Amino acid sequence: MERWKTIIEPFRIKSVEPVRLTTVAERQQKLESAGYNLFNLHADDVLMDLLTDSGTGAMSAAQWAGIQRGDESYAGSPSWYRFLESVHSLFPFKHVIPTHQGRAAEKILFSVVGGPGKVVPNNTHFDTTRANVEFTGAEAVDLVIEEGQHPSVLHPFKGNMDVEALDACIRAHEPANVPLVMVTVTNNSGGGQPVSLENLRAVREVCDRYGLPLFLDACRFAENAWFIKQREPGYANVGVREIVSQMAALVDGMTMSAKKDAIANIGGWLAMNDDAWAERCRNLLILTEGFPTYGGLAGRDLEAIAQGLQEVVEEDYLRYRISSTAYLGEALVEAGVPCVQPIGGHAVYLDAAALLPHIPPLAYPGQSLAVALYREGGIRGCEIGTVMFGIHPDGTETPASMELVRLAIPRRVYTQSHVDYVIEVVRWVAERASELRGMRIVEQPPALRHFTARFEPLS
Ligand SMILES: *Cc1c(COP(=O)(O)O)cnc(C)c1O
């Protein structure tokens with residue numbers, strides 16, 4: 001390393017997209033017409049959009065060049081072969097099946113291996129993964145370590161699987177009912193926390209004990225590999241590509257959303273070594289996604305993914321990526337704003353329950369905080385708390401286990417001054433937290449209410 005401490009954005013800007021500054025009064029009016037639901041806003045009215053890091057990354061000049069080069073042949077396109085070679089350079093699975101998103105890969109995989117009576121263990125299922133497991137009638141079980149369930153508990157690998165609980169779960173349900181074990185890297189629903197190679201090896205041993213396949217939900221594999229390099233003893237001098245290879249060598253297959261660590265705006269894939277499963281998956285692919293050499297994607301998308309996948313494992317990029325998320329989180333922690341710690345890879349999670357103890361869970365402290373960040377600064381985050389998880393199929397409502405507001409960082413999109421602005425706004429709102437009021441829901445659908453519910457501030 002050079003002697004300079006400042007970590008810069010390892011790119012320069014060659015195409016700009018203006019963001020629109022609005023006033024507090026304008027944003028208040030937008031909030032009223034959106035029913036205080038940030039999903040109902042027009043994105044043009046958002047200054048800093050931290051709703052998600054999925055599909056929102058900025059593509060490189062080389063990716064845009066790939067878009068031009070994209071070959072749209074129905075079968076056997078050169079773009080497909082470039083995609084396949086790029087995936088294989090990191091994940092040498094025998095079968096690679098392209099899909100339009102990660103959830104399409106999940107849908108196909110669990111249609112083949114799931115079904116009533118089956119049980120799928122994971123460190124923490126992402127919501128689409130859980131939904132696709134459950135849709136087949138199978139049960140989705142989350143087995144993250146105890147530390148991973150508490151926002152302020154420090155642990156270098158809070159995404160790790162509890163291997164004893166995994167072993168007990170497999171024995172309780174009988175191995176024949178467990179089609180595969182899954183590990184999500186990094187653990188998105190658990191705060192973007194990484195999984196260590198040591199843990200992945202221990203999970204592999206449990207799987208071998210019962211003859212079970214192990215799959216990665218690999219959406220943020222590169223961010224996970226960077227955390228291993230930084231935090232796991234013995235890996236400081238191992239390259240990220242080598243760490244990714246070691247992760248891949250421990251598993252039998254993967255699902256992937258190219259909207260995350262392939263820095264593309266759309267895409268995904270399913271990969272595995274098993275011939276019989278792959279054949280059944282390809283048959284389903286043809287029904288719902290497309291021919292096996294393009295899946296649900298245009299040739300140009302395959303090119304963008306092929307290139308993005310090589311850029312995402314560059315260490316200068318990963319150093320900047322993980323440091324810039326930590327820069328935001330650590331500044332907030334230093335200012336006394338309660339956050340999930342340590343800071344994860346792709347997002348900072350504000351702990352609204354700790355910041356707004358005067359607002360009870362059923363008055364939605366996370367929603368109140370998310371609304372205040374938009375009203376005061378035009379920042380759009382996402383409530384991950386009782387609005388998202390509190391309502392049950394029988395119509396009853398209970399508090400979620402945590403009341404979080406996620407500020408997800410799109411890849412290569414915002415600069416340090418944008419992040420400094422976010423810090424200033426969050427601090428300002430946090431200093432006035434006692435003035436915030438709860439919210440009530442005036443209208444909601446029976447399921448997935450966070451997308452469309454309408455709210456009103458409590459007086
Ligand atoms: C985003 C995501 C998915 C689903 O991928 P989509 O491309 O959004 O369909 C699955 N698992 C994890 C961990 C994710 O973050």
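Atoms within each ligand, like the ligands themselves, are counted from 1 in listed order. Given the structure is predicted, the values throughout are model-derived calculations rather than measurements.
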Would you check the N or O atoms of [X], main chain and side chain alike, for any that come under 3.5 Å of an N or O of ligand 1?
X: Asp217; value: yes
X: Thr186; value: no
X: Phe126; value: no

Below 4.0 angstrom, N of the basic side chain to O of the carboxylate: do [X] and [Y] qualify?
X: Glu9; Y: Arg412; result: no
X: Lys118; Y: Glu139; result: no
X: Lys260; Y: Asp53; result: no
X: Arg411; Y: Asp261; result: yes

[atom]: nearest protein contact (heavy atom, Å):
atom: atom 7 (O) of ligand 1; result: Ser257 OG, 2.6 Å
atom: atom 9 (O) of ligand 1; result: Arg103 NE, 2.7 Å
atom: atom 6 (P) of ligand 1; result: Gln101 NE2, 3.3 Å

State the atoms of ligand 1, each with its element, that fall below the 4.0 Å cut-off from a heavy-atom position in [X].
X: Thr128; result: 3 (C), 4 (C), 10 (C)
X: Glu106; result: 10 (C), 11 (N)
X: Thr184; result: 13 (C)
X: Arg220; result: 15 (O)

Worksheet item: Of the choices Met182, Lys107, Lys260, Arg130, which has the non-hydrogen atom that lies closest to atom 2 (C) of ligand 1?
Response: Lys260

Worksheet item: Quick one: are the ring centres of Tyr294 and Tyr74 less than 6.0 Å apart?
Response: yes

Worksheet item: Can the ring centroids of Tyr320 and Phe11 be said to lie less than 6.0 angstrom from one another?
Response: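 Here the rings of Phe11 and Tyr320 have centres that are less than 6.0 Å from each other.
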
Item to complete: Look at ligand 1 and say whether Gly268 reaches it with a heavy atom at a distance under 4.0 Å.
Response: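 Gly268: no contact with ligand 1 (<4.0 Å).
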
Response to the item:
d(His95 NE2, Trp277 CH2) to nearest 0.5 Å is 12.0 Å

Worksheet item: Is Lys259 touching ligand 1 with its side chain, its backbone, both, or neither, if touching means heavy atoms under 4.0 Å apart?
Response: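 It is the side chain that gets close, since no backbone atom is under 4.0 Å.
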
Fill in: Face-on cation placement of Lys158 at Tyr349 ring, 6.0 Å and 45° thresholds
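No, a cation-pi geometry is absent between Lys158 and Tyr349.
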
